[in-house]
Structures are given as structure tokens and as C-alpha cells.
Amino acid sequence: MVTEQQSLPLGFVRGEPVFEQPEDLYIPPEALELMLDLFSGPMDLLLYLIRKQKMDILDLPILRITEQYMVYVDMMREMKLELAADYLLMAAMLAEIKSRMLLPKIASDEDEEEDPRAELVRRLKEYEIVRSGAHELDMQPQQERDYFIAHADTDARDLAGHAPPEVSLEELSLALLKVMQLVDVQAHHQVKREALSTRERMSRILEKLQTNTRIEFSQLFETNEGRSGVVVSFLAILELNKEGLIALTQAESYSVIYVVSKSTAGATEHRAEG
Amino acid sequence: MIADKQLKQLVEAAVFAAEAPVTLDQLLGGVLADYRLNRPRLRQVLDELKDDYRERGIELVEVASGYRFQTRSELGPALVNMWPDRAPRYSAALFETLALIAWRQPVTRGEIEAVRGVSVSTQIMKTLQERGWVKVVGHKEVPGRPALYATTKAFLDYFSLQSVADLPALAQPRPELELDLESAADTNDTRERGTNKEENP
Amino acid sequence: MIADKQLKQLVEAAVFAAEAPVTLDQLLGGVLADYRLNRPRLRQVLDELKDDYRERGIELVEVASGYRFQTRSELGPALVNMWPDRAPRYSAALFETLALIAWRQPVTRGEIEAVRGVSVSTQIMKTLQERGWVKVVGHKEVPGRPALYATTKAFLDYFSLQSVADLPALAQPRPELELDLESAADTNDTRERGTNKEENP
């Protein structure tokens with residue numbers, strides 16, 4: 001079922017004729033990164049190329065497939081995209097098969113020499129089956145995509161006196177330490193106690209704005225908290241504003257400043273405006 | 001326009017699927033967003049649903065924060081037997097999620113997932129909200145309007161904290177703890193998770 | 001004795017209130033413990049309930065770990081619209097890994113990597129285990145004693161399946177190809193041929 005169209009080669013890449021310059025090989029750099037996410041690995045990429053070029057997997061044109069694979073891998077390397085070592089491993093394997101194919105066959109009395117492509121073809125077929133399995137799984141109904149669990153609340157559990165699990169502060173602290181380390185790997189965040197108070201205050205302000213979508217600026221401060229409390233509230237308002245969760249409005253200079261929610265569920269009037 | 005039957009099915013499914021009681025606005029802006037429906041009409045649908053469940057084991061009720069289905073109160077004593085006495089435990093995933101909410105609040109589920117590198121199960125969010133430790137304080141104005149989660153006063157009370165700011169001081173690694181964590185990280189890498197089973201929260 | 005109506009209400013309420021799907025045994029030994037009821041009778045009640053919900057927005061289904069109510073799948077898109085941040089997002093790599101574990105279980109990480117041609121990220125294994133879809137069921141007696149992974153009931157529940165045998169049979173290699181798919185063939189045998197789907201997506 002080889003559907004190789006013989007026409008004039010468009011050019012030669014590393015000595016190999018290129019018959020059709022596949023337009024899908026020209027990929028804008030920004031799309032390359034996306035592509036890396038698109039393929040789940042080198043096998044996936046290989047299969048894609050085989051499909052795209054309508055090659056016969058059983059009589060794999062190893063020269064062509066190797067060329068095309070290398071075009072992709074080289075592009076990704078040129079873009080200095082973080083390329084998994086597995087892609088390079090596959091490139092090496094392809095190159096090896098290619099060189100073995102190029103070697104003259106030595107006539108021998110022994111059993112027929114195994115086609116150097118056999119192992120790759122076997123793996124490709126096997127992988128193809130797994131990929132179709134993944135597709136089958138994806139077609140199954142999935143929770144919160146196709147269906148949701150239907151729950152009813154109950155007061156019976158309270159009757160049972162069924163206490164929820166006891167949790168120690170230590171467990172929570174350890175968990176916090178773990179996520180702090182996680183984040184530390186991603187970025188160097190200095191966790192300061194003041195910053196935490198601010199985050200917490202942000203939540204309280206949003207909470208207030210859920211019942212009242214517009215609150216006078218000054219009402220968000222509690223004077224009995226003292227100086228530091230006022231500072232925390234002020235920082236929280238600035239941060240909320242920066243993150244686009246609230247807006248500050250004022251009819252005219254020196255008039256009352258209002259804090260308006262941009263985020264509450266109940267803010268239907270606001271939604272209607274937008 | 002939407003057929004009456006389909007409309008009722010949608011509203012019914014949405015109330016059942018919600019993690020907390022749902023308001024008319026949530027229904028109108030969410031599951032019914034594609035249909036032009038007014039509040040009286042929706043109320044009528046909810047009344048019909050109430051009626052449909054009049055003779056069933058559960059009922060549709062309106063509570064302070066919206067509509068929800070709940071088991072009929074007469075059945076309470078019989079349902080008690082559903083929960084045998086056993087002390088459940090929370091998963092590490094739940095603790096990490098809670099810690100992240102405390103630390104990064106107000107935070108969306110997507111932001112939590114970005115840090116933890118794994119998706120956060122709905123069950124965990126539900127458990128945290130049922131315990132009253134976490135609540136939705138708003139919605140982020142980005143596509144999808146994801147909920148913003150924050151810790152509550154009940155959370156602070158439970159752990160006898162004055163403020164979330166008291167947490168990091170506690171989380172300072174003690175020398176002997178650091179060692180523990182390193183070995184824990186090692187076993188994580190070699191996927192020795194048999195002992196660290198993820199039960200349902 | 002318990003009146004039919006009350007019995008049905010009790011079973012209905014129990015299934016709705018449970019945190020996870022409930023089995024016949026859980027019902028018989030829990031909420032129904034005070035009544036002398038046999039399994040056929042209980043099955044009959046559940047069948048009646050299924051029937052009652054035939055035209056509603058939710059349905060009673062049986063999955064691997066028992067009975068549960070869930071929203072009708074036609075309503076999925078509208079409901080997802082209501083909670084976009086709850087919608088699952090899984091990569092192709094995760095699904096391939098999961099498919100391999102489902103169809104080839106028990107399987108080692110090395111075996112998964114051999115087929116997929118890429119190293120399996122620790123994050124994928126972590127997600128799969130945190131979701132409770134995959135667990136370590138033993139260790140292979142080869143050097144290094146690698147963990148053997150298998151799917152769980154929670155995996156089946158998530159995909160609305162009663163057993164692994166309900167998974168569609170995977171495409172068979174073409175006859176002219178002699179592939180080393182013994183392990184796959186074994187699991188395939190237990191499956192129904194009739195469900196064979198088209199060979200490729």
C-alpha cells in the first residue's frame with residue numbers, strides 16, 4: 001500500500017532527495033513549543049510523520065522517515081527548546097537502522113538476516129495500539145466532563161455523631177513546608193508573615209464584598225486594630241486592585257472612594273454592565 | 001427556547017452536582033446561560049421539582065445560601081447506620097491543598113494545581129468546604145470565572161491560630177525535620193508510595 | 001417488615017447521601033440492617049429506582065464499586081459550563097500511561113516506558129496515584145524489584161465502568177505481523193469481541 005508519489009525531487013537534504021517539501025514541516029518557532037506538548041513522545045512524533053506522509057508502516061521508508069524526524073528534532077534543538085533525551089535516543093536509533101540498511105547485504109548460508117527495521121516496526125505497532133487505547137479511554141464518560149456525581153446533603157451524619165478526622169497543627173505545618181519547597185523550586189519567594197496577613201486580609205475583604213458589592217473605602221479599616229492592622233488592610237486593597245479582583249471608584253476628586261467588587265458571584269448588576 | 005422537560009432536567013442536575021447550595025443567579029449565569037430565562041420562570045421550575053420529590057427519600061429545600069437536595073429528615077435515624085465507626089484520615093494531598101490555600105489566598109483551583117503539579121480532586125475541595133475551613137470568597141474575572149478560595153475563621157479556630165501569619169513560623173524546618181523530609185523526597189522519587197497510600201480524603 | 005415505599009425512600013436517600021458508590025452489602029448491613037431483606041428484593045428496589053429516574057436529569061447507575069446517582073451525560077456540556085474550573089485536564093501522555101496500565105496490568109514503569117518510548121514522568125505517576133486510579137500491587141522479582149502498577153475501582157468508577165472487561169477491546173495487530181503481545185492477548189480474551197471498535201482514532 002505504498003503510495004509514494006514519484007516526482008522530481010525538490011531538493012536534497014544530506015544527500016537524500018526530498019520529493020515533497022511538506023508544508024507542515026514549516027512551523028513558526030512559537031508553535032514549536034506547542035508542538036512539544038502536542039506529542040507525547042518520540043513514538044508519537046514518528047507515527048504522526050508516517051501518517052502525514054502516508055507511509056506504510058510495514059515497509060517503512062527508513063531514509064525518508066529519518067530525514068523528516070531529524071528536521072523536527074533539529075528545529076527544536078535550534079530553538080533551544082528543552083528536548084527530552086528520549087527524542088535524541090530515537091534519532092540515534094533511526095540513524096543506526098539507516099546505516100544498517102545502507103550496508104551491502106552479505107550473502108550467507110545462515111538464516112535470512114532480520115530486517116533492521118523489524119524492531120522499530122514492532123514497537124511502532126505496539127505503541128499505536130496503546131495510543132488507540134488512550135483514545136478509547138478518552139471516549140469513555142468522564143467525571144465532571146460528561147457527568148457529575150449527584151449528591152444530597154444529610155443531617156443523618158450529625159445524628160451519628162460521626163466526628164471528622166482529627167488533624168494536628170503539625171501535619172498542616174509539614175504540608176505547608178512541603179508546598180513552600182515546591183514553590184521555592186519554581187521561584188524564590190520570600191514568605192513573610194506580613195505578606196501572609198495581607199493574603200488573609202484580601203480574603204476577608206472579598207468576603208465582605210460578596211454581601212455588599214460596593215463598600216466605602218474607609219469602612220474596610222478597623223481602627224481598633226492599630227497602625228499595623230491599617231497597613232495590612234491598605235496593602236490588601238492595593239494587592240486586590242493589582243490582581244484585578246476589585247476596583248476603586250470615585251465620583252470626583254476628594255469625594256468618597258468606593259471599593260467595588262469585580263469578582264463576587266452575587267454581583268449580577270456588575271456582570272450585566274460588562 | 002428550551003423545552004420544559006429539558007429545562008427541568010438541567011436545573012435538577014445542576015443542583016445535584018453542585019458542591020454547595022446553588023442560588024438562582026448561579027443557575028441563570030451557569031447552566032442556563034444559553035437560554036433567556038427570567039427568575040420567576042426559574043422559581044417555577046424549582047417549585048415543580050420540589051413537588052416531584054415530595055414523596056421521595058430526598059427533598060429539594062431552599063436554605064440561606066440557595067437550593068439543595070437533602071435527605072428527608074424522618075429518615076435520619078435509619079441513615080445513621082450508614083457510617084460505621086472508624087476514624088478516617090485525610091490524605092497528604094488534602095493537607096497540601098489546605099496549606100496552599102492558607103498561604104496563597106485568595107487562590108483559584110488552577111493556581112493550586114499549577115504549584116502542586118497535579119490536579120486537585122473535587123472531593124478534596126468539597127471536604128475542605130464541608131469542614132468549614134475553606135470557602136469561596138469570589139470569582140476571578142478571567143475566562144471561566146474560576147472560584148477564589150480562602151481559609152475561614154473556623155480554620156483558624158480549629159488550629160488555635162490568631163492569623164494565617166502564625167503558620168510559617170511553625171513551618172520553619174527544624175534540623176531533624178529537614179532530614180526526614182529529604183528521605184521522604186527520596187522515597188517519592190523511587191515511587192515507594194505503597195506506605196503513603198492516597199485514600200479518599 | 002418495612003413498607004415498600006419506605007424501603008425505597010431509605011435506599012434512595014442512602015445512595016444519595018453516601019460519599020462513594022454503595023454496594024448491596026453496604027446497604028443490607030447498614031441502613032437496612034434492621035429489616036430482614038434479601039439481595040433479590042434489594043435489587044428489585046434498585047431497579048425500580050432506576051426506572052423512576054428514567055426521565056429525570058440524573059440517573060441511577062452501577063459502577064465498579066457500587067450504585068450511585070449521576071447526572072445524565074447529555075447534560076454534561078451545560079453543566080461543565082457552570083463549573084469550568086472543575087473540568088478535568090489530562091495530557092495525552094497521562095492517558096497513554098493509564099491505558100497501558102489498564103490493558104497490561106500489572107505492569108512496571110520500565111515496561112510502560114519501553115512501549116511509549118519516553119520516560120514516564122514522576123508527576124504523571126503521582127497524579128494517577130493521587131486520583132486513586134492506579135496503585136502498586138506488588139513488585140516484580142527482577143533486579144531492582146520494580147513496583148507493579150494496576151488500576152483500581154476508583155479508576156473504573158471515574159470512567160463509568162463496572163470492570164476492566166468493559167473497556168473496549170484494543171485493536172488487534174494485523175495477522176501478517178507477529179507481534180509480541182502475549183500479555184495484551186491474555187487480557188483481551190476476557191473481553192467481548194463485539195465491542196471491537198475501529199482500529200485507529
Side-chain angles (χ1 to χ4, degrees), chain B residues 5-6 8-19 22 26-27 29-34 52 55-58 69-72 74-75 78-84 91-93 108-110 113 117-119 121-123 125 143-147 188-189 191-194 197-200, chain C residues 5-6 8-20 22 26-27 29-35 49 52 55-58 69-72 74-76 78-79 81-90 109 122-132 135-137 139 146-147 149 154:
Chain B
K5 186 180 147 190
Q6 205 197 338
K8 199 154 88 172
Q9 284 190 346
L10 266 179
V11 173
E12 183 181 33
V15 176
F16 270 122
E19 288 165 348
V22 283
Q26 280 172 321
L27 289 168
V31 78
L32 302 173
D34 291 347
D52 292 349
E55 295 283 302
R56 307 217 62 96
I58 51 166
F69 282 99
Q70 63 184 36
T71 59
R72 194 166 291 284
E74 309 94 87
L75 299 174
L79 288 172
V80 161
N81 296 323
M82 273 178 69
W83 297 280
S91 65
T108 67
R109 193 155 152 175
E113 290 175 346
V118 288
S119 49
S121 82
T122 298
Q123 189 56 46
M125 297 311 293
R145 302 188 74 245
N188 260 356
D189 281 339
R191 315 276 72 238
E192 191 87 66
R193 292 191 68 101
K197 238 188 227 137
E198 294 283 354
E199 297 285 5
N200 279 335
Chain C
K5 187 180 147 191
Q6 207 198 333
K8 198 155 90 174
Q9 284 191 345
L10 201 50
V11 172
E12 184 181 33
V15 176
F16 270 119
E19 293 96 52
V22 284
Q26 280 170 330
L27 288 168
V31 280
L32 303 174
D34 292 346
Y35 314 100
L49 276 172
D52 291 350
E55 297 282 304
R56 306 217 64 94
I58 55 168
F69 282 99
Q70 67 184 45
T71 60
R72 198 166 290 284
E74 307 94 88
L75 305 176
L79 292 168
N81 197 25
M82 188 152 172
W83 299 286
D85 56 329
R86 280 167 69 179
R89 292 175 300 268
Y90 298 112
R109 198 158 155 168
T122 299
Q123 207 180 80
I124 285 181
M125 296 311 289
K126 192 177 169 201
T127 301
L128 289 176
Q129 286 176 86
E130 273 197 6
R131 296 309 309 254
K135 64 176 187 188
V136 174
V137 290
H139 293 265
Y149 295 96

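Each chain gets a letter, A, B and so on, in the order the sequences are listed, and its residues count up from 1.
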Looking only at atom types and distance, does a side-chain atom of B:Gln9 sit under 3.5 Å from a main-chain N or O of C:Glu55, one as donor and one as acceptor? yes
Which atom names give the shortest non-hydrogen contact between C:Gly57 and B:Ala13, and what distance separates them? O-CB, 3.7 Å
The interface call for C:Phe69 against chain B, heavy-atom contacts under 4.5 Å, is neither
In this structure, OG of B:Ser119 is separated from CZ of C:Arg131 (nearest 0.5 Å) by 5.0 Å
Please flag which part of B:Val11 lies under 4.5 Å from any non-hydrogen atom of chain C: side chain, backbone, both or neither. neither
C:Ala14 versus chain B, heavy atoms under 4.5 Å apart: side chain, backbone, both or neither? both
Can you say whether C:Ala87 sits under 4.5 Å from chain B via the side chain, the backbone, both, or neither, judging by heavy atoms? neither
Using a 4.5 Å cut-off on heavy atoms from C-beta on, say whether the side chain of C:Arg56 contacts that of B:Lys8. yes
Once you round to the nearest 0.5 Å, how far does CD of B:Gln123 lie from CD of C:Glu19? 7.5 Å
Over all heavy atoms of both residues, which pair between B:Ala17 and C:Arg86 is shortest? Give the atoms and the distance, please. O-NH2, 3.2 Å
Might you point out which heavy atoms bring B:Ala78 and C:Leu10 nearest each other, and give the distance in Å? CB-CD1, 3.4 Å
What's the separation between atom CG in B:Leu75 and atom CZ in C:Phe16, rounded to the nearest 0.5 Å? 12.5 Å
Contacting region of B:Arg109 [heavy-atom separation from chain C under 4.5 Å]: side chain
Ranked by heavy-atom pairs below 4.5 Å to chain C, first place among B:Thr108, B:Leu32, B:Val22, B:Val31 goes to B:Val31
So, the part of B:Leu27 with a heavy atom under 4.5 Å from chain C: the answer is both
Per-residue tally against chain B (heavy atom, under 4.5 Å) across C:Asp34, C:Ile124, C:Val15, C:Leu79 peaks at C:Leu79
